[in-house]
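What follows is a single structure, written as structure tokens, with notes after it.
Numbering of ligands and ligand atoms starts at 1, following listing order.
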Amino acid sequence: MHTRQRGLLYLFAILGLLAMLAAGTGALSAAAPNGTASITAPANNATLTGTVQVQGTATANNFTFYKLEFGLGANPTSWSVIGVLMTTQVSSGNLGAWDTTKVPDGQYTLKLTVVDNTGNYLTAAVPVTVANAGPPPAPAVPRRGCTACHVPVRPDGRYSLGWEAMNAAKAIGINHPTVSPSGISIKPTDTVGPAPCLECHGAGSGARADNGVVANLSLRDIVHPAHMFSDIFPSEFKGNCFSCHNVNNEGEFMILGQKVDVNENGIPKVLPIPGMLEPT
Ligand code: HEC
Ligand code: HEC
Ligand code: HEC
């Protein structure tokens, strides 16, 4: 009888201890506060770049502050606070911003902790991946031939050769022709090489030696300064003489009349180069 009572006492004592353990921090901390800690964005396993707005809810009875933290990996052993401790509750709103460019690319856990005035707290966490480096840049292939650069890329035809002609002529108060003498349409929205242009802007001879065959200016005298004195043609477009020319065996500066399929060194893949024009 005595032993059984003592056994029951031990049993209650053990149950009591288990109950305290089950309460998490046991006697040192009461139950978690009533409230909500949740992160709705970024989503679980999201890939993050740049500055990320963290969305969610951080509320509690007797709310004191919340904080956002990140730690390395899926189960961080240490945490870094993002920004400052926030003393205003947020319900379905912006919890704060995380500038992910300040950390190396990798796997992180983003954590929200909502703390009440007794030091009890609620947490929510999402695993994320920071990937700011992006894919390695594609090798820059040199662009050769007028239509490697001059094709319509906007509804108005910008930057086709027809658009360049119209745009430059407009600047000197002229409506540029939209068809060549042989009947090729050179409207801004057309994709054409320099052949129809040379019907009027080919190099003249005799009395017209300094002019185009029909137009006042030769194409050479238009495009050489326009490109060689441009800021963007040599830098942004890596342009040079061989963007427009290929020198043949006789040392002639042939004109690349259409986009040339080249390797990363600018060497044509198809020979003889299709669409090459003899200079006028
Ligand atoms: C590698 C790219 C590239 C190639 C190839 C190229 N261009 Fe250009 N072109 C440009 C750029 C860039 C500009 C604008 C330059 C600027 O505004 O600084 C331009 C401008 C022009 C203009 C406008 C000139 C003006 O006065 O407004 C004409 C016309 C033109 N190009 C014709 C040609 C012709 C004809 C060819 C082929 C023989 C050619 N381009 C080849 C990049 C190129
Ligand atoms: C039917 C003849 C004709 C054709 C074809 C033609 N042009 Fe013109 N272009 C002219 C005339 C005329 C002018 C006015 C100024 C002049 O006589 O040079 C002019 C002016 C220009 C100008 C302005 C020159 C300046 O003084 O600033 C540019 C640039 C131009 N053309 C480029 C082109 C291009 C590029 C092509 C081919 C898409 C082309 N043109 C086709 C006749 C033509
Ligand atoms: C944007 C294109 C472009 C660039 C860049 C360019 N050219 Fe030209 N070049 C032309 C065009 C168009 C003509 C006129 C072709 C015609 O009249 O048949 C020409 C004509 C010439 C001619 C006259 C051909 C002949 O035998 O009469 C020579 C030489 C020449 N270019 C050399 C050069 C050199 C050198 C460079 C570099 C410093 C250069 N070009 C850059 C487009 C270009």
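Near Cys200, meaning under 4.0 Å from any of its heavy atoms, are these atoms of ligand 2: 1 (C), 2 (C), 3 (C), 4 (C), 5 (C), 43 (C). Short contacts between ligand 2 and Pro196, defined as distances under 4.0 Å to a heavy atom of the residue, involve ligand atoms 5 (C). Atom numbering of ligand 2 starts at 1 in the shown order; those under 4.0 Å from a heavy atom of Ile172 are 25 (C), 26 (O). Every atom of ligand 3 with a heavy atom of Phe233 under 4.0 Å away is listed here by number and element: 5 (C). Residue Thr280 has at least one heavy-atom neighbour below 4.0 Å for each of these atoms of ligand 3: 16 (C), 17 (O), 18 (O). Against a heavy-atom cut-off of under 4.0 Å, Ile222 is close to the following atoms of ligand 2: 28 (C), 29 (C), 30 (C). Remark: ligand 3 atoms within the under-4.0 Å shell around heavy atoms of Leu198 are 16 (C), 17 (O), 18 (O). Atoms of ligand 1 lying under 4.0 Å from any heavy atom of Ser230, numbered from 1 in the order shown and given with element: 15 (C), 16 (C), 18 (O). Near Met228, meaning under 4.0 Å from any of its heavy atoms, are these atoms of ligand 3: 5 (C), 37 (C), 38 (C). Contact atoms of ligand 1 toward Phe237: 1 (C), 2 (C), 12 (C) (distance under 4.0 Å to a heavy atom of the residue).
Nearest protein heavy-atom neighbour of atom 17 (O) of ligand 2: Asn216 N, 2.7 Å. In this structure, the protein non-hydrogen atom closest to atom 24 (C) of ligand 1 is Ala226 CB, 3.6 Å. Closest protein heavy atom to atom 14 (C) of ligand 2: Ile174 CD1, 3.7 Å. For atom 12 (C) of ligand 2, the nearest non-hydrogen atom of the protein is Ala215 CB, 4.2 Å. Looking from atom 36 (C) of ligand 1 to the surrounding protein, the closest heavy atom is Cys146 SG, 2.7 Å. For atom 27 (O) of ligand 1, the nearest protein heavy atom (residue, atom name, distance) is Ala168 CB, 3.8 Å. The shortest contact between atom 26 (O) of ligand 2 and any protein heavy atom is with Leu217 CD1, 3.2 Å. The nearest heavy-atom contact from the protein to atom 28 (C) of ligand 1 is Glu164 CB, 3.9 Å. For atom 38 (C) of ligand 2, the closest non-hydrogen atom on the protein side is Cys197 SG, 2.7 Å.
Using bins of under 30°, 30° to 60° and over 60° for the plane-to-plane angle, the ring pair His150/His227 lands in the perpendicular bin. By the 30° and 60° cut-offs, the orientation of the rings of Tyr66 relative to Phe63 is tilted. Between Trp98 and Phe70, the two ring planes are parallel [angle under 30°; tilted spans 30° to 60°].
When non-hydrogen atoms are compared, ligand 2 lies under 4.0 Å from the backbone of Ala165 as well as from its side chain. Here Leu161 has heavy atoms under 4.0 Å from ligand 2 in both its backbone and its side chain. Under 4.0 angstrom from ligand 3, there are no non-hydrogen atoms of Glu252.
A donor-acceptor contact under 3.5 angstrom links the side chains of Asn132 and Thr100, judged on distance only.
Closest to atom 13 (C) of ligand 3 by heavy atom, among Leu219, Asp221, Ile255, is Ile255. Checking Glu250, Met254, His245 against atom 30 (C) of ligand 3, the nearest heavy atom belongs to His245. Across His224, His150, Arg220, heavy-atom proximity to atom 23 (C) of ligand 3 is greatest for Arg220. Among Pro194, Ala148, Cys149, the residue whose heavy atom lies nearest to atom 2 (C) of ligand 1 is Cys149.
Among all heavy-atom pairs drawn from Pro33 and Asn61, the shortest one is CB-O, 4.5 Å.
Residue-to-ligand polar distances keep Ser180 apart from ligand 2: every N/O pair is separated by 3.5 Å or more. For ligand 1, the polar-atom distance check against Ser243 finds no nitrogen or oxygen pair separated by under 3.5 Å. At under 3.5 Å, not a single nitrogen or oxygen of Val192, backbone or side chain, sits near a nitrogen or oxygen of ligand 2. In terms of polar-atom proximity, defined here as any N/O pair under 3.5 Å, Asn240 makes no such contact with ligand 3.
At least one heavy atom of His201 sits closer than 4.0 Å to an atom of ligand 2. No heavy atom of Val214 sits closer than 4.0 Å to any atom of ligand 2. Heavy atoms of Gly145 come nearer than 4.0 angstrom to ligand 1 in at least one pair. At a 4.0 Å cut-off, at least one heavy atom of Val179 sits close enough to ligand 2 to count as contact.
Look at His176 and atom 8 (Fe) of ligand 2: an N/O/S atom of the residue is under 2.8 Å from the metal. At a threshold of 2.8 Å, atom 8 (Fe) of ligand 1 has no backbone or side-chain N, O or S atom of Cys244 nearer than that distance. One of the N, O or S atoms belonging to His227 lies under 2.8 Å away from atom 8 (Fe) of ligand 1.
Looking only at side-chain heavy atoms (C-beta outward), Leu256 and Asn246 come within less than 4.5 Å of each other. Contact annotation: the side chain of Val84 approaches that of Met86 to within less than 4.5 Å [non-hydrogen atoms, C-beta and beyond].
Asn44 contributes no side-chain N or O that, together with a main-chain N or O of Val126, makes up a donor-acceptor pair within less than 3.5 Å. Checked by atom type and distance alone, the side chain of Gln107 never pairs as donor or acceptor with a backbone atom of Pro127 at under 3.5 Å.
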- After noting the C-alpha distance and the side-chain angles of Lys259 and Asp261, does the key distance pass the side-chain contact (heavy atoms from CB on, under 4.5 Å) rule? CA-CA 7 Å; Lys259 180 182 176 181; Asp261 194 12; over 6 Å; no
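Under a hydrophobic-cluster definition in which Ile, Leu, Val, Met, Phe, Trp and Tyr are linked whenever side-chain heavy atoms come within less than 4.5 Å, directly or via other members, Met166 and Val151 are assigned to the same cluster. A continuous path of hydrophobic side-chain contacts links Val262 to Met254 [ILVMFWY only; heavy atoms under 4.5 Å].
Salt-bridge formation is detected for the pair Arg158/Asp156: a Lys NZ or Arg NE/NH1/NH2 atom is positioned less than 4.0 Å from an Asp or Glu carboxylate oxygen.
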